[in-house]
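This report concerns only the one structure given below.
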Amino acid sequence: MEASALGPARRGRRRTRAAGSLLSRAAILLFISAFLVRVPSSVGHLVRLPRSFRLTKDSVKIVGSTSFPVENHTAQVTSTGSLVFQNFEESMSGIYTCFLEYKPTVEEIVKRLQLKYAIYAYREPHYYYQFTARYHAAPCNSIYNISFEKKLIQILSKLLLDLSCEISLLKSECHHIKMQRAGLQNELFFTFSVSSLDTEKGPKPCTDHNCEPSKRLFKAKNLIERFFNQQVEILGRRAEQLPVIYYIEGTLQMVWINRCFPGYGMNVQKHPKCPECCVICSPGSYNPRDGIHCLQCNSSLVYGAKTCL
């Protein structure tokens, strides 16, 4: 990865048919088998980091110019005064100072200018869809419910295989529900998430714009919605008695969730140019888990703190 922080002499910066038929087979199979505070006097810049980065606490000092090499292999100062980062690390976030010496004319004395830049590492949010759905079920202590649960997740996972998306079952509960005219009945409550996998690590790295996590997740959402709708259609065409386990029409609910990785948070006031970016927590703040914002911690003296000591 190469990120450039520019400034004057500065230091430190399937197809539709195939998918449809697969959905139909999956629904039928499931049915038969019964988802920058801007630093004073400084300019803020964000340097993006991939998900695979891990926070380190090593301190980094960058000293260099066009005449003297930078004392760090991850950065270099160009002939135009730009500082170019390569393999930017989280711990390299901080305040960078640029010292400039120049003479407006030959006759004038040398003038000195000092500029400060705040460089922050940032990462894409960990976003995913969370689904809930209800099924009419067998008695809550029945082994058929457990078998059905596994089958449902397997089918949904197969549907999303080509999208490099992952299905995770978050919660499965069986409850006795009192109906107004039908008395007590058993229902299964499923909660599952759909998140994108890192396509860059696969055997065939994907670089097309359609590989963006948000685009793949949107396609996954549509496939899942079609899958549950097809279950309703199949039940509607059924002449004989309903099976013991079947999807309850209209119970599929979906929520889009954004989370930042530990040590990162969103802050529209500090980083107004990128309000939805998960930016590394500044000293004086921390994020211990996958929350959205960095929490205040006066004893935190490092960037990307995950604990408040």
Heavy-atom donor-acceptor pair, [X] side chain to [Y] backbone, under 3.5 Å:
X      : Y      : value
His136 : Val244 : yes
Arg123 : Cys278 : no
Ser300 : Cys297 : no
Arg134 : Glu187 : no

(request) Please step through side-chain contact (heavy atoms from CB on, under 4.5 Å) for the pair Lys221 and Phe131, ending with a clear verdict. (result) CA-CA 9 Å; Lys221 175 188 74 74; Phe131 293 85; 4.2 Å; yes
If you take all heavy atoms of [X] and [Y], which pair is closest and at what distance?
X      : Y      : result
Ala305 : Ser285 : CB-O, 3.7 Å
Tyr128 : Ser195 : CB-CB, 3.8 Å
Phe88  : Ala121 : CE2-CB, 3.9 Å
Glu276 : Met266 : O-CE, 3.6 Å
Glu90  : Ile280 : O-CD1, 3.6 Å
Arg259 : Ile257 : NH1-CG2, 3.4 Å

Pairwise distance [atom1]([X]) to [atom2]([Y]) - rounded to 0.5 angstrom:
X      : Y      : atom1 : atom2 : answer
Ser164 : Leu217 : OG    : CG    : 11.0 Å
Gln231 : Ile248 : CD    : CD1   : 11.5 Å
Ile177 : Leu184 : CD1   : CG    : 9.0 Å
Ser196 : Leu163 : OG    : CG    : 10.5 Å
Cys260 : Arg289 : SG    : CZ    : 14.0 Å
Leu156 : Cys165 : CG    : SG    : 12.0 Å

(message) Under the rule for ring pair (Phe, Tyr, Trp, His ring centres under 6.0 Å), what residues qualify as partners of His293, not counting sequence neighbours?
(response) none
(request) Check ring pair (Phe, Tyr, Trp, His ring centres under 6.0 Å) between Phe218 and all other residues, then give those that pass, not counting sequence neighbours. (result) none
Does the side chain of [X] reach to within under 4.5 Å of the side chain of [Y], using non-hydrogen atoms?
X      : Y      : value
Leu295 : Pro288 : yes
Glu149 : Leu188 : no
Tyr127 : Pro213 : yes
Leu235 : Pro243 : yes
Ile224 : Leu160 : yes
Asn145 : Ile245 : yes
Thr251 : Phe228 : no
Leu152 : Phe227 : yes

(request) Check the pair Cys294 / Tyr286 against side-chain contact (heavy atoms from CB on, under 4.5 Å), numbers first and verdict last. (result) CA-CA 5 Å; Cys294 296; Tyr286 77 112; over 6 Å; no
Counting heavy atoms not belonging to [X], are there more than 12 under 6.0 Å from its [atom1]?
X      : atom1 : answer
Lys171 : NZ    : no
Gln296 : CD    : no
Gln241 : CD    : no
Glu225 : CD    : yes

Under 4.5 Å between side-chain heavy atoms, hopping through other hydrophobics if needed: is there a path connecting [X] to [Y]?
X      : Y      : value
Val279 : Ile292 : no
Tyr144 : Tyr247 : yes
Met254 : Leu169 : yes
Ile95  : Tyr120 : yes

(request) Give me the one residue out of Phe148, Tyr246, Phe189 that meets ring-ring contact (aromatic ring centres under 6.0 Å, His included) with Tyr135. (result) Phe148
(message) Let's go through His176 and Asn186 carefully: what are the C-alpha distance in whole Å and the side-chain angles of both, what is the deciding distance for side chain to side chain donor-acceptor pair (under 3.5 Å) to 0.1 Å, and is it a yes or a no?
(response) CA-CA 5 Å; His176 299 291; Asn186 306 302; 2.8 Å; yes
